[in-house]
Amino acid sequence: MSNFVLENKLKEIDIITDKIILNINNKYKTLKNNIIDSNYKLLYYLYYTNTLERPKRIYIQRKMLVEVKLLDYYYYKLYTYKEISKDKYISISKKYITITKLIYGWIKSESRVK
């Protein structure tokens, strides 16, 4: 396993997402696909970012923040459609808040390095 905290959190969310997505009605198929795609995009951005120079890295990190916000919105929509419970929504939302904080900390540490 990797010692990278953000990577572990993203993988954990991916596993939780798979369990949640299985129980969602197929009429929300596009929403389900968006959630799955965004989760994979986050992992892709995470690995890709580590190969870039600092200015481009910060740009991709900010794109990661946008994906996290979108994922939280997708889950909110599922909650409003009554496809997931309030407890599940709050639980997954807290995980996305943690990921957001980790990314902001990563950006902050990148900005300090010269």
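The minimum heavy-atom distance between Lys69 and Thr100, with the atom names listed, is NZ-CG2, 4.3 Å.
The line from CD1 of Ile16 to CG of Asn39 is 10.0 Å long, rounded to the nearest 0.5 Å. Residue Tyr44 holds its OH atom at 9.0 Å from OG1 of Thr49, rounded to the nearest 0.5 Å. Once rounded to the nearest 0.5 Å, the distance linking CG of Leu78 with OH of Tyr73 reads 10.5 Å. Distance check, rounded to the nearest 0.5 Å: CG of Leu71 to OG1 of Thr17 gives 7.0 Å. Here Ile20 contributes atom CD1 and Asp18 contributes atom CG; the two are 9.5 Å apart, rounded to the nearest 0.5 Å. Distance OG/Ser93 to NZ/Lys88: 15.0 Å, rounded to 0.5 Å.
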Could you walk me through whether Tyr89 and Asp72 pass the side chain to side chain contact (heavy atoms under 4.5 Å, CB included) test, one step at a time? CA-CA 9 Å; Tyr89 172 65; Asp72 189 45; 3.9 Å; yes
Apply side chain to side chain contact (heavy atoms under 4.5 Å, CB included) to the pair Ile90 and Lys86, showing each step before the final yes or no. CA-CA 6 Å; Ile90 289 172; Lys86 183 177 183 176; 3.8 Å; yes
Can you list the steps and then say if Lys95 with Lys9 is a side chain to side chain contact (heavy atoms under 4.5 Å, CB included)? CA-CA 8 Å; Lys95 291 184 185 305; Lys9 294 285 184 189; over 6 Å; no
With side chain to side chain contact (heavy atoms under 4.5 Å, CB included) as the criterion, how do Trp106 and Met64 come out once you've worked through the C-alpha distance, each side chain's angles and the decisive distance to 0.1 Å? CA-CA 11 Å; Trp106 190 18; Met64 288 175 73; 4.0 Å; yes
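One side chain, Tyr47 or Glu7, offers a donor N or O that lies under 3.5 Å from an acceptor on the other.
Using a 4.0 Å cut-off between charged nitrogen and carboxylate oxygen, Glu53 and Arg57 do not count as a salt-bridge pair. The pair Arg54-Glu110 does not count as a salt bridge, with every side-chain nitrogen at least 4.0 angstrom from each carboxylate oxygen.
Residues Leu46 and Phe4 meet the side-chain proximity criterion, which asks for heavy atoms closer than 4.5 Å. Counting heavy atoms from C-beta outward, Glu67 and Ile99 have side chains that stay 4.5 Å or more apart. Considering only heavy atoms from C-beta on, Tyr81 comes within 4.5 Å of Leu31 through its side chain.
The only member of Ile15, Ile21, Leu22 that meets side chain to side chain contact (heavy atoms under 4.5 Å, CB included) when paired with Lys19 is Ile15.
A tilted orientation is assigned to the rings of Tyr76 and Tyr79, their planes being inclined by 30° to 60°. Using cut-offs of 30° and 60° for the angle between ring planes, the Tyr75 and Tyr96 rings count as tilted.
With hydrogens and angles ignored, the 3.5 Å screen pairs a side-chain donor or acceptor of Lys32 with a backbone N or O of Ile24. Within the 3.5 Å criterion, the main-chain N or O of Asn25 finds a donor-acceptor partner in the side chain of Glu83. The main-chain N or O of Ile35 is never found under 3.5 Å from a side-chain atom of Ser38 such that the two would form a donor-acceptor pair. Of the possible polar contacts, none joining the Ser91 side chain to the Asp87 backbone as a donor-acceptor pair under 3.5 Å is found.
Both Leu70 and Leu10 are assigned to one and the same hydrophobic cluster, defined by single-linkage of ILVMFWY side chains at heavy-atom distances under 4.5 Å. In the hydrophobic cluster analysis, where Ile, Leu, Val, Met, Phe, Trp and Tyr join through side-chain heavy atoms closer than 4.5 angstrom, Ile97 is grouped apart from Ile92. Clustering ILVMFWY residues whenever any of their side-chain heavy atoms sit less than 4.5 angstrom apart, transitively, puts Val5 in the very cluster that holds Leu65.
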